[in-house]
Structure formats: structure tokens, C-alpha cells
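Just so you know, these numbers come straight off a predicted model, no measurement behind them. Atoms within each ligand, like the ligands themselves, are counted from 1 in listed order. Each residue takes its place number in the sequence, starting with 1.
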Amino acid sequence: MTYAGAKYSRVLLKLSGEALMGDDPFGINRHTIMQIVGQIKNVVDLGVEVAIVVGGGNIFRGVAPAAQGMDRATADYMGMLATVMNALALKDALESVHVTTRVQSALSMQQVTETYTRGKAIQYLEEKKVVIFAAGTGNPFFTTDTAAALRGAEMNCDIMLKATKVDGVYTDDPEKNPNATRYQTLTFDEAINKNLKVMDTTAFALCREQNLNIKVFSIFKEAALTRVVLGEDEGTLVHC
Ligand code: UDP
């Protein structure tokens, strides 16, 4: 069932950790997180069910220079813990604007958050609560893009909304080439053939296999998330 005006009834929003930094070099910028939360609240108010996977790159990445010389799996667990911090900050910000939110972590830490349970997460979504999935897939050597594809498929989401700094997929890097143009739509095959990097290959393959279309858009553009959910010409749709 689709709600008044909205094109999708359930979406998976992938927010990178870097989206939370704003112009800061590290961590969480309060003004930025409140701006993002304002956009999420608007689509929740449209009746859309919102699941979120948040990254951790603003705090720690298993492949970051800071992790050099470390055992990769240990560094990745640190990265997953960073996503839990972001999830808690996002929940706090959402609740400050009266959006009921639950966090579920792929790694158990019962004093801090609930552990991921598929049925419970679906129940929360049906109850119109926002669900934030923390700790990625719970496994080292993966990314939160892959976690987003996985949870998006598990939650039977209509689409994965990949929030980036750039407002879509371009023919070339728009920051370097002023003649680069935005694709309005692309098929998965076109994206592969043109060697366009939409997300990491594991995540991309999973979306393609599960017929989970991807919308790439900029969370920093005023009302962009609402425009995406209303099906307006915003960002790039990668479809089957
Ligand atoms: N990570 C992981 N397994 C997962 C998801 C994430 O090991 O399923 C770790 C990995 O070290 C990664 C870090 O968590 O670098 C932060 O996630 P990601 O880089 O995807 O965050 P984003 O780029 O979206 O901020």
C-alpha cells in the first residue's frame, strides 16, 4: 500500500557516517544531524515507513590509515562500533523532534541497544517507528552499503535511498568536469557496463539480485528526501 502522495511505502535510507560530519573533520555535527533528521521527519509524516542503515566513516573505518598495521577484523569491529555511536546519536536527534525510533544492532550489546531481530524490526516499521540498523552486517570485511542492501531486502523495502554528497550518478566527476551530466535513470547493467561506481560491488550485486532498486541523491539538498519519496526528478534511479 502506498500512502497519499508518496511513491514508496517502505524505504531503506543509507546514511554514510560522513554525512553526519557536516564541515567538521571528524565526528558528529549537531546542526547537520538536525538538518538530516528534519528531512527524515518530513517523510515519516507522509506515512512512509523508514528503515535506516548508518555508516561509521566519520569515526573509524577498518580500512582507514588509523587502522594501518592492525588486524583487519579487529579494525572492522571497531568500525562497526562506530556505527553504533552514530545510530544512538541519530535516535536521540530523531526523538528530539518526536519521531519514535528504535535501534537494532547486528552485534549484541544489550545494555546499549536491542539486538537485530527481523520480525521485531518489521513490527516496528508497521507501527510507523523508524528503525536504525547499527553495526552493519555484524561481520568484518563488509561495508554498511552491503548492510543496507541486506536489511533493505530483509525488510522488503520498495527501494534503497543512498544519501551522498553528490545529487546523483554523473557521466563524469562533476567537481572536476563542468560538462558532466546527471543520469536520471540507469539500469544495473548500464551502470556496470559504463563502469559507474554506485556503491561497493557486494552491495550492488545484492541489490541487483534482489531487485532492490537504488536511488542516489544528496541529503544536503533542501527537501531532497521528500522529493525522492514523492517520485519527483531528484537524483538517479538505478533499476532492474
Ligand atoms: N564494517 C564492517 N562490517 C559491516 C559494516 C561495517 O566491518 O558489515 C566496518 C568497516 O570497518 C567499515 C566501518 O565499519 O569501514 C564503517 O562502515 P562504512 O565504511 O561502511 O561506513 P560509511 O562509509 O558508510 O560511513
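In this structure, of Arg72, Lys162, Arg61, the residue bringing a heavy atom nearest to atom 23 (O) of ligand 1 is Arg61. Of the listed residues (Thr144, Asn139, Thr137), the one carrying the non-hydrogen atom nearest atom 3 (N) of ligand 1 is Asn139.
Considering backbone and side-chain N/O of Lys14, one or more are found under 3.5 Å from N/O of ligand 1.
In terms of protein heavy-atom proximity, atom 2 (C) of ligand 1 is nearest to Phe142 O, 3.1 Å. Nearest non-hydrogen protein atom to atom 9 (C) of ligand 1 is Asp76 O, 3.5 Å. The protein non-hydrogen atom at the shortest distance from atom 12 (C) of ligand 1 is Gly62 N, 4.0 Å. Among all non-hydrogen protein atoms, the one lying nearest atom 5 (C) of ligand 1 is Thr143 C, 3.4 Å. Remark: minimum distance from atom 21 (O) of ligand 1 to any protein heavy atom is reached at Gly56 N, 3.1 Å. For atom 14 (O) of ligand 1, the nearest non-hydrogen atom of the protein is Gly79 C, 3.1 Å.
Close approach to Gly57 involves these atoms of ligand 1, each under 4.0 Å from a residue heavy atom: 21 (O), 22 (P), 25 (O). Contact atoms of ligand 1 toward Gly17: 22 (P), 24 (O), 25 (O) (distance under 4.0 Å to a heavy atom of the residue). Of all the atoms in ligand 1, the ones that sit under 4.0 Å from a non-hydrogen atom of Ser16 are 24 (O), 25 (O). Every atom of ligand 1 with a heavy atom of Pro140 under 4.0 Å away is listed here by number and element: 7 (O). Residue-ligand proximity, Gly55 to ligand 1, at heavy-atom distances under 4.0 Å covers atoms 21 (O), 22 (P), 24 (O), 25 (O).
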Which pairs would a plain distance check flag for residues 50-68, meaning a side-chain donor or acceptor within less than 3.5 Å of a matching protein atom at least two apart in sequence or in another chain?
{"from": "Asn58", "atom 1": "OD1", "to": "Asn86", "atom 2": "ND2", "distance (Å)": "2.7"}
{"from": "Asn58", "atom 1": "ND2", "to": "Gly27", "atom 2": "O", "distance (Å)": "3.2"}
{"from": "Asn58", "atom 1": "ND2", "to": "Asn86", "atom 2": "OD1", "distance (Å)": "3.0"}

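Salt bridge Asp172/Lys176: absent, no basic N to carboxylate O contact under 4.0 Å.
Residues Leu186 and Leu212 fall within the same hydrophobic cluster, defined by Ile, Leu, Val, Met, Phe, Trp and Tyr side chains chained together at heavy-atom separations under 4.5 Å. Cluster annotation: Val228 and Val216 are assigned to distinct hydrophobic clusters (Ile/Leu/Val/Met/Phe/Trp/Tyr, side-chain heavy-atom contacts under 4.5 Å, transitive). The cluster map of Ile, Leu, Val, Met, Phe, Trp and Tyr, joined by side-chain heavy atoms under 4.5 Å apart, puts Leu237 and Leu12 in different clusters.
The shortest side-chain heavy-atom distance between Leu15 and Leu90 falls under the 4.5 Å cut-off. When side chains are defined from C-beta on, Asp158 does not count as touching Val11, because their heavy atoms never get closer than 4.5 Å. Under the 4.5 Å side-chain criterion, counting only non-hydrogen atoms from C-beta, Met21 is not in contact with Asn29.
Residue Met155 qualifies as enclosed at atom CE: its count of foreign heavy atoms under 6.0 Å is above 12.
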